Amino acid sequence: MVKGKMTLLWFQTGSCGGDTMALLSADRPSFSDLLTEYSIELLWQPSLSIQNVHSLNDLIEDIINGTQRLDILCIEGSIITAPNGTGMFDTFQRKAKKEWVSLLADKARYVVAMGTCAAFGGVHAAPPNPSDCMGLQMDKESPGGLLPPEWRSGAGFPVINVAGCPVHPNTMTKTLAMIASGMILQLDELNRPKEFFSTLVHQGCTRNEYHEYDVEESEFGTNGCMFFNLGCKGPYTQATCNTDLWNGRSSKTRAGVPCFGCTSPAFPEDEGLFQTEKLGPIPSKLPVGVERANYIAYKNLAKAAAPERVKKRKMEP
């Protein structure tokens with residue numbers, strides 16, 4: 001243990017490694033800069049540590065018995081509780097990983113759920129959920145997962161939910177940098193850092209003008225809005241995908257793919273990813289701030305006011 005540095009242990013559960021893969025693309029700061037410039041000592045990361053698994057076992061034992069300090073515990077992947085609540089479908093050293101996570105969480109100053117699976121259950125918790133998966137401190141939208149709603153870490157925080165499937169790489173490193181810098185994280189109602197989950201994917205989308213003028217698309221490969229028919233959840237999903245572009249270049253909607261709402265606790269919803277569920281002609285879920293009673297009138301006015309270039313799907317140079 002290096003004096004003056006915050007220690008970090010990254011533990012994988014629920015057969016997930018997507019957030020680790022995304023982490024390698026972080027550039028503000030990069031993961032290596034995070035360790036060198038923000039005084040973080042990496043105790044273990046399954047894909048980046050060179051020690052063998054026996055070293056991890058010894059490390060965990062030292063943390064549990066109090067001879068090794070643990071400042072930041074990052075959990076990647078959903079918490080598997082099957083069969084019959086034992087968690088033995090997902091084990092480490094012949095013990096359920098959910099048991100290891102509980103023991104480590106009680107020793108950590110901060111616990112960070114890296115990814116929607118760790119935060120809310122995610123893909124693994126989707127129906128029929130044969131592994132009885134859940135999040136660290138939430139079960140989809142409901143408070144309480146592996147840890148009860150009232151649980152708090154050594155620093156007095158609930159589990160910090162850094163949601164995404166995977167999480168935007170810079171959201172991961174920036175969150176850890178803020179913790180290491182001693183900044184007080186402001187969390188939203190889902191315990192996600194407000195710094196990264198208070199804007200919509202819709203903001204910054206290059207198809208915004210088509211959305212505002214109700215220029216709808218019913219097939220891919222065109223420039224119009226994908227919200228009305230093609231399943232895009234950008235107008236009500238909080239994430240930085242269009243304000244902090246992936247790899248500094250693009251995002252799903254800029255590449256012509258609808259937002260799947262992967263930072264939301266209900267992801268993945270029990271519906272098609274490429275179709276918009278509707279109640280009659282109206283999408284069942286409307287953009288933030290839009291009232292259902294006024295929706296049809298708004299649509300008709302917007303369509304009538306659309307400029308010719310928008311109707312013809314001509315993107316601005």
Side-chain angles (χ1 to χ4, degrees), residues 8 10 13-14 16 18-19 22-23 26 28 34 72-79 101 105 108-125 133-153 155-181 183-204 233-244 246 251-252 259-269 285 287-289:
L8 185 152
W10 186 296
T13 60
C16 186
D19 300 294
L23 183 66
R28 292 190 310 278
L34 176 73
I72 306 170
L73 172 65
C74 295
I75 301 297
E76 176 183 17
S78 57
I79 303 300
V101 171
R109 292 185 62 218
Y110 300 89
V111 177
V112 183
M114 285 297 190
T116 297
C117 287
F120 309 120
V123 171
H124 303 124
C133 293
M134 61 180 64
L136 274 172
Q137 203 176 9
M138 291 193 71
D139 187 1
K140 292 294 187 181
E141 299 97 332
S142 302
L146 175 67
L147 303 172
E150 67 275 8
W151 180 91
R152 294 294 181 268
S153 68
F157 281 82
V159 172
I160 298 165
N161 291 324
V162 185
C165 189
V167 186
H168 192 293
N170 291 337
T171 297
M172 285 188 275
T173 54
K174 285 178 180 177
T175 298
L176 294 174
M178 291 172 73
I179 292 172
S181 300
M183 298 178 65
I184 298 176
L185 291 177
Q186 300 294 322
L187 305 180
D188 68 7
E189 69 280 1
L190 297 172
N191 292 333
R192 302 176 302 186
K194 287 184 179 180
E195 181 79 16
F196 314 108
F197 297 95
S198 58
T199 58
L200 297 170
V201 172
H202 186 62
Q203 293 170 266
K233 297 173 173 57
Y236 53 82
T237 297
Q238 287 87 8
T240 60
C241 297
N242 278 311
T243 52
D244 186 0
W246 287 73
S251 69
K252 274 192 176 71
C259 166
F260 297 151
C262 74
T263 61
S264 304
F267 173 81
E269 296 185 30
K285 220 171 167 182
V288 172

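Note that this is a predicted model, so its numbers are computed, not measured. Residue numbers count from 1 along this sequence.
Distance check: T243 OG1 to L200 CG gives 10.0 Å after rounding to the nearest 0.5 Å. To the nearest 0.5 Å, the span separating OG on S78 from CG on L146 amounts to 11.5 Å. Rounded to the nearest 0.5 Å, atoms CG (N170) and OG1 (T240) are 8.0 Å apart. M183 CE to T175 OG1: the interatomic distance, rounded to the nearest 0.5 Å, is 10.5 Å. For the atom pair CG of L176 and OG of S181, the computed distance is 10.5 Å after rounding to the nearest 0.5 Å.
Nearest heavy-atom pair, G18 versus P166, reported as atom, atom and distance to 0.1 Å: O-CB, 3.6 Å. Smallest separation of non-hydrogen atoms from V123 and C165: CG2-SG, 4.2 Å. Nearest approach of A105 to L147, heavy atoms of both residues: CB-CD1, 4.3 Å. Of all non-hydrogen atoms in A239 and V201, the two that sit nearest each other are CB-CG2, 3.7 Å. Contact record, A108 with S153: O-CB, 3.8 Å, taken as the closest heavy-atom pair. In plain terms, the two heavy atoms of P169 and W246 that are nearest each other are CD-CZ3, 3.5 Å.
Residues H124 and C16 form a side-chain contact, since some pair of their non-hydrogen atoms from C-beta on lies under 4.5 Å apart. Annotation: side chain of R152 is in contact with side chain of P158 (closest heavy-atom distance under 4.5 Å). In this structure, T171 and V162 have side chains that are in contact, with non-hydrogen atoms separated by less than 4.5 Å. Counting only heavy atoms from C-beta outward, the side chains of F267 and F120 never approach each other to under 4.5 Å.
Pairs engaging residues 194-204 under the side chain to side chain donor-acceptor pair (under 3.5 Å) rule: H202-N208 [sequence neighbours left out]. Pairs engaging residues 165-178 under the salt bridge (charged side-chain N to carboxylate O under 4.0 Å, His left out) rule: K174-D244 [sequence neighbours left out]. Counting only residues at least two apart or on different chains, no salt bridge (charged side-chain N to carboxylate O under 4.0 Å, His left out) pair has a member in residues 157-171. The side chain to side chain donor-acceptor pair (under 3.5 Å) analysis of residues 137-151, with sequence neighbours excluded, yields the pairs D106-W151. Applying the salt bridge (charged side-chain N to carboxylate O under 4.0 Å, His left out) definition to pairs two or more places apart or across chains, none involves residues 113-124.
In this view, F196 satisfies the ring pair (Phe, Tyr, Trp, His ring centres under 6.0 Å) rule with no residue, not counting sequence neighbours. Y236 pairs by the ring pair (Phe, Tyr, Trp, His ring centres under 6.0 Å) definition with nothing, not counting sequence neighbours. Taking P287 as the reference, H211, F227, P235, V290 meet the side chain to side chain contact (heavy atoms under 4.5 Å, CB included) condition, with sequence neighbours excluded. Every residue was checked against the side chain to side chain donor-acceptor pair (under 3.5 Å) condition with N161, not counting sequence neighbours, and none meets it. Remark: T13 engages F11, I75, I79, D90, K97, V101 in a side chain to side chain contact (heavy atoms under 4.5 Å, CB included) (not counting sequence neighbours). In this structure, T263 has no side chain to side chain donor-acceptor pair (under 3.5 Å) partners at least two apart in sequence or on a different chain.
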Problem - side-chain contact (heavy atoms from CB on, under 4.5 Å) evaluation trace for L23 with W10 - result: CA-CA 12 Å; L23 183 66; W10 186 296; 3.9 Å; yes
Enumerate, atom names and distances included, each donor-acceptor pair closer than 3.5 Å involving a side-chain atom of residues 112-119, sequence neighbours excluded.
{"unit_1": "T116", "atom_1": "OG1", "unit_2": "G164", "atom_2": "N", "d": "2.8"}
{"unit_1": "T116", "atom_1": "OG1", "unit_2": "G164", "atom_2": "O", "d": "3.4"}
{"unit_1": "T116", "atom_1": "OG1", "unit_2": "C262", "atom_2": "O", "d": "2.5"}

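Remark: side-chain polar atoms of T237 are paired, donor with acceptor, to backbone N or O of K233 under 3.5 angstrom.
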